[in-house]
2 protein chains.
Amino acid sequence: MSSPRRVGSQTSRTRDQLLDCAEQLMIEKGYAHVTYRAVAARAGVTAGLVQYYFPKLDDLFIAEIRRRSEQNLDRLVALLDAHADEPLRVLWEYSRDEATAALTTEFIALGNHRPSIRAEIADVTDKVRRVQLEALAARYGTTGISLGALPPAALLFLLTGIPKLIRLEEGVGVSTTHGEAVRAFESFLDSVEPASRPKAKKPTKRAPAAKRSR
Amino acid sequence: MSSPRRVGSQTSRTRDQLLDCAEQLMIEKGYAHVTYRAVAARAGVTAGLVQYYFPKLDDLFIAEIRRRSEQNLDRLVALLDAHADEPLRVLWEYSRDEATAALTTEFIALGNHRPSIRAEIADVTDKVRRVQLEALAARYGTTGISLGALPPAALLFLLTGIPKLIRLEEGVGVSTTHGEAVRAFESFLDSVEPASRPKAKKPTKRAPAAKRSR
DNA sequence: GTCTATACGGCGATAGAC
DNA sequence: GTCTATCGCCGTATAGAC
């Protein structure tokens, strides 16, 4: 047996710092600018070392996705727990939170033609959706109850999808009709879950808004 | 004055063929695989010639976007004209047509951090949306009439956005809740615009479904 | 106006030295 | 555990042939 390629340990502090740098680069300049050399330069190490921890560039991206999505899932579960009486509002606000939206878009684009990354995204997307559906079912049951005759799955799709769409369009510089769409949906929310608390509270300090390379 | 770089004419037949090859490559393997050398190989010419017509790679992508979106806009206008009594159904079916969806996703990802391409996408997106809004206003007026109390802009956003979302998720291999969402929305459509003709007719033969590089 | 040949530096990836 | 050398691709630029 020829020994396979050597790889740095997953618990290395260096490894975690490299992931931080990669994430920053990705937010600021897009995944195309996340290169071994660029990450290394930002972290103050050699490119070879980055490759030691992430033999393929995809390994880096996958590690990034996994780390991020675990944080996000934890946060979502905590929010749904804390406001179990108004899951719709929680999901809506959670989806509108822009902190991780820029990264998500980046990852989707990245996964579009890269099987290993696509699989990772599909995995976390499904996991999140299951949690969301459970929260809806716990509060409103599994049938299409009030909710404008919408079955829970369809409602969930709107609730989390519309903010995603808006971000996507904002990303290319389009904003037509966004305001109307948001207002319409929020007034529907108001009718189903009369606002007790206006916003899902922020769990922690987030990174400043991503600067785009315009 | 040093003469600027020379560029091939916009009416060249060769140029059009190069665009065809680039589009095929993009659908089959993603924009990352659209390279001067790859396009040239498919077209049976040298890489230098591709560069002669498209000095920067972005020039190629922009030309591709422009050509495609003009075709699509023409098609949309024709459909709306032919079925002026049921614009909702036309927009829904048009948005669900997958022929150009793979390309659209690709372009959005591409434009995410490339200003010139982003500008091009924003331009055509706005243009299309204006046409769509006009069609809605012509049939239903500009106020939020019936339509589930949704203002036209919000309705339009759902109508064209949901199919886009579904494609996006399909692209990464997620399909949970898609069926329910489509069914729910179509039954709403049925209630507003009782189906006379079930589908927006196809304008012409389309390319076979894109093979994904799984 | 069309097209070819050639060169440059940056990239992902690999094998292997320290 | 860390880093270097090397390979074959890439975008881009330029000079010049038909």
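Lettering follows sequence order; numbering is per chain, from 1. Every heavy atom of this structure was used, including side-chain atoms; hydrogens, water molecules and symmetry mates were not.
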Separation of B:Leu18 atom CG from C:dT2 atom P, in whole Å?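 One finds 12 Å between P of C:dT2 and CG of B:Leu18, rounded.
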Nearest whole Å is fine: how far is D:dC9 P from B:His33 NE2?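 Rounded to whole Å, this separation is 13 Å.
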Quick one: what's the B/S/- string for nucleotides 6-18 of chain C, heavy-atom cutoff under 4.0 Å, read 5' to 3'? -----BBBB--B-
Considering residues at least two apart in sequence or located in another chain, which fulfil the side chain to side chain donor-acceptor pair (under 3.5 Å) criterion with A:Asp74?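 Scan of A:Asp74 (side chain to side chain donor-acceptor pair (under 3.5 Å), adjacent residues dropped) gives none.
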Among all residues two or more places apart in sequence or in another chain, which pass the side chain to side chain donor-acceptor pair (under 3.5 Å) test with A:Asp58? A:Arg114, A:Ser116
Sequence neighbours left out, what pairs pass side-chain hydrogen bond (donor to acceptor under 3.5 Å, both in side chains) with at least one residue falling in residues 130-139 of chain B? none
Euclidean distance, B:Glu70 CD relative to B:Lys127 NZ, rounded to 0.5 Å: 7.0 Å
Estimate the overall bend of the helix from C:dG1-D:dC18 to C:dC18-D:dG1 from the end axes over five pairs each, rounded to 10 degrees.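 It works out to 0° between the end axes.
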Listed partners of [X] passing ring-ring contact (aromatic ring centres under 6.0 Å, His included), at least two apart:
X: B:Phe185; answer: B:Trp92, B:Phe188
X: A:Phe61; answer: none
X: B:Phe54; answer: none

More 5' along DNA chain C: B:Val7 or B:Thr46, using each one's nearest nucleotide? B:Val7
For B:Arg183, all residues meeting side chain to side chain contact (heavy atoms under 4.5 Å, CB included), sequence neighbours excluded: B:Glu180
Would you say a side-chain N or O of [X] is under 4.0 Å from OP1 or OP2 of [N]?
X: B:Thr14; N: C:dC3; answer: yes
X: A:Tyr53; N: D:dG1; answer: no
X: A:Tyr52; N: D:dG1; answer: yes

